[in-house]
Amino acid sequence: MIELSPQRAYSIFLNYCDEVANSSYLLSSRAIKNLLKFIASTPCLMTYISKCNSTIKVNETYDNIFGENTLNLPTDNMAIVSVVTKLLFDLDMNNIDMDKFLAAYYKYDDYSARYSHFCNTVLVAYARAFEDVVTYKERVIEGEEEKKIDNAVKEEIVPYISKMTHIAEDDVNISDAVKDQIVTLLEGLYYSFDTQRAKLVKAMWIGLLAVTEKYKPIGSYLKEVKKVLETYALI
C-alpha cells in the first residue's frame with residue numbers, strides 16, 4: 001500500500017489519467033489497469049471512493065448512466081467518482097466489452113477516435129470530479145471520527161487472507177492481470193488493519209468485493225471475512 005497525502009495522491013492519479021488519455025486505443029487496457037492498480041493501492045483514494053459510494057445507490061446510479069445512445073454521467077461530483085470508477089473496473093475486468101461500449105456511445109469512424117472522445121469526456125469529467133472530492137470534501141471525509149479497530153479483527157481475518165492469496169496465486173485458470181488485482185486488494189485489506197482506520201478497511205473490502213464478484217474459488221472465505229467485519233461493525 002502507498003501512504004500518500006491526498007494532494008500528492010491526486011497529483012499521481014492525474015499522471016495515470018494522462019497515461020490513459022495519451023495511450024493508443026490498442027494499448028489502453030494496460031493504461032487503465034495501471035490507473036486502477038494505483039487507486040487500489042492508495043489508501044486515501046480508496047477512502048474517498050468509499051465515501052462517494054456511500055452517498056448514492058451505486059448500482060442504480062451506475063445503471064442509469066447507460067442511455068440508449070448516450071452515456072449520461074451524474075451531475076454530482078461524488079456520484080461521478082463512484083460510477084466512473086466502477087465503469088473503469090468493469091472495462092478492465094471485461095465485464096463490459098470495450099469495443100462494443102465505444103461503438104455504442106461514440107459515433108466515429110474508427111476506434112481510436114471513439115476512444116479519444118471517451119477520454120476527452122468521461123475521463124476528464126472523472127479527473128475534475130476527483131479533484132473536487134479531494135479538495136473540497138477532504139475536511140468532511142477526513143474530519144469524521146474514525147472507529148477504532150479491535151486488534152482481534154486482524155487476527156481473525158489474516159488466515160482467510162492468506163488462504164485466498166494462495167488460491168489466487170496458484171490458479172492457472174485466471175489471467176495474470178486478474179490475479180494481480182485480487183492479490184493487490186488482498187494485500188491492501190491486510191495492511192489496512194495496521195492503519196487503525198475503519199473507513200480504509202471498509203474501502204478495501206468494497207474494492208475486493210468488486211474485483212472478486214465472479215471469482216468463486218474464494219467465495220466461502222469472503223463470506224467468513226464478511227462475518228468478522230460485520231461482528232465488529234466495520235461494514
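For clarity, every value in this text was computed on a predicted model and none was experimentally measured.
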Residue pair Ile96, Phe66: steps toward the side-chain contact (heavy atoms from CB on, under 4.5 Å) verdict: CA-CA 12 Å; Ile96 294 177; Phe66 299 101; 3.9 Å; yes
Parallel, tilted or perpendicular: rings of Phe130 and Tyr48 (30°, 60°): perpendicular
CD1 on Ile174 to CD1 on Ile167, rounded to 0.5 Å: 10.5 Å
Salt-bridge present (Glu131, Arg128; N to O < 4.0 Å): no
Close side-chain approach of Ile161 to Thr165, heavy-atom, < 4.5 Å: yes
Side-chain donor/acceptor of Lys179 to backbone N/O of Glu169, under 3.5 Å: yes
Side chain to side chain, Val225 and Met164, heavy atoms closer than 4.5 Å: yes
Cluster check Leu209, Val81: I/L/V/M/F/W/Y, side chain < 4.5 angstrom: yes
Ala113 backbone acceptor or donor facing Ser116 side chain under 3.5 Å: no
Hydrophobic cluster identity match, Val183 and Val211, side-chain contacts under 4.5 Å: no
More than 12 heavy atoms from other groups under 6.0 Å of CG on Asp63: yes
Verify same cluster id: Ile206, Val178 (apolar side-chain graph, 4.5 Å): no
Cationic tip of Lys86 above Tyr62 ring, under 6.0 Å, 45° of axis: yes
Shortest non-hydrogen separation from Tyr106 to His117 and the atoms involved: CD2-CD2, 3.2 Å
Side-chain donor or acceptor of Asn64 paired with backbone N/O of Glu60 under 3.5 Å: yes
Verdict with supporting geometry, Ile80 and Val133, side-chain contact (heavy atoms from CB on, under 4.5 Å): CA-CA 10 Å; Ile80 290 175; Val133 170; over 6 Å; no
Worked check of side chain to side chain donor-acceptor pair (under 3.5 Å) between Tyr126 and Thr85: CA-CA 8 Å; Tyr126 183 51; Thr85 300; 2.7 Å; yes
Leu27 reachable from Tyr16 in the ILVMFWY side-chain graph, under 4.5 Å edges: no
Ser29 side, atom OG; Met98 side, atom CE - distance, nearest 0.5 Å: 7.5 Å
Any donor-acceptor N/O pair, Thr212 side chain to Tyr215 backbone, under 3.5 Å: no
Donor-acceptor pair, side chain of Lys57 and main chain of Ser54, under 3.5 angstrom: no
Stepwise side-chain contact (heavy atoms from CB on, under 4.5 Å) test for Gln181 and Asp92: CA-CA 10 Å; Gln181 280 190 329; Asp92 182 50; 2.2 Å; yes
Point-to-point distance, once rounded to the nearest 0.5 Å, from CD1 of Ile149 to NZ of Lys154: 10.5 Å
N/O donor-acceptor pair under 3.5 Å between Ser162 side chain and Val158 backbone: no
Nearest non-hydrogen partners of Ile56 and Ser82, listed with the distance: CD1-OG, 3.6 Å
CD1 on Ile32 to CD on Glu19, rounded to 0.5 Å: 10.0 Å
Shortest non-hydrogen contact from Ala40 toward Leu185: CB-CD2, 3.7 Å
In one Ile/Leu/Val/Met/Phe/Trp/Tyr side-chain cluster, 4.5 Å: Leu73, Val20: yes
Interatomic spacing from CG in Leu35 to CZ in Phe89 - rounded to 0.5 Å: 9.0 Å
Taking every non-hydrogen atom, the tightest pair across Ser192 and Met204: CB-CG, 4.0 Å
Distance (rounded to the nearest 0.5 Å) between Thr135 OG1 and Gln7 CD: 7.5 Å
Qualifying residue, where the test is ring pair (Phe, Tyr, Trp, His ring centres under 6.0 Å) with Phe118 and the options are Tyr111, Phe101, Tyr105: Phe101
Asn151 atom CG, neighbour heavy-atom count above 12 within 6.0 Å: no
Side-chain donor-acceptor contact under 3.5 Å, Asn95 with Glu213: no
Shortest non-hydrogen contact between Phe13 and Phe38, atoms and distance: N-CE2, 3.7 Å
Donor-acceptor contact below 3.5 Å, side chain Thr61 vs main chain Val58: no
Lys37, NZ: over 12 other non-hydrogen atoms inside 6.0 angstrom: no
Closest approach of Ala203 to Met46 (non-hydrogen atoms, all atoms of both residues): CB-O, 3.1 Å
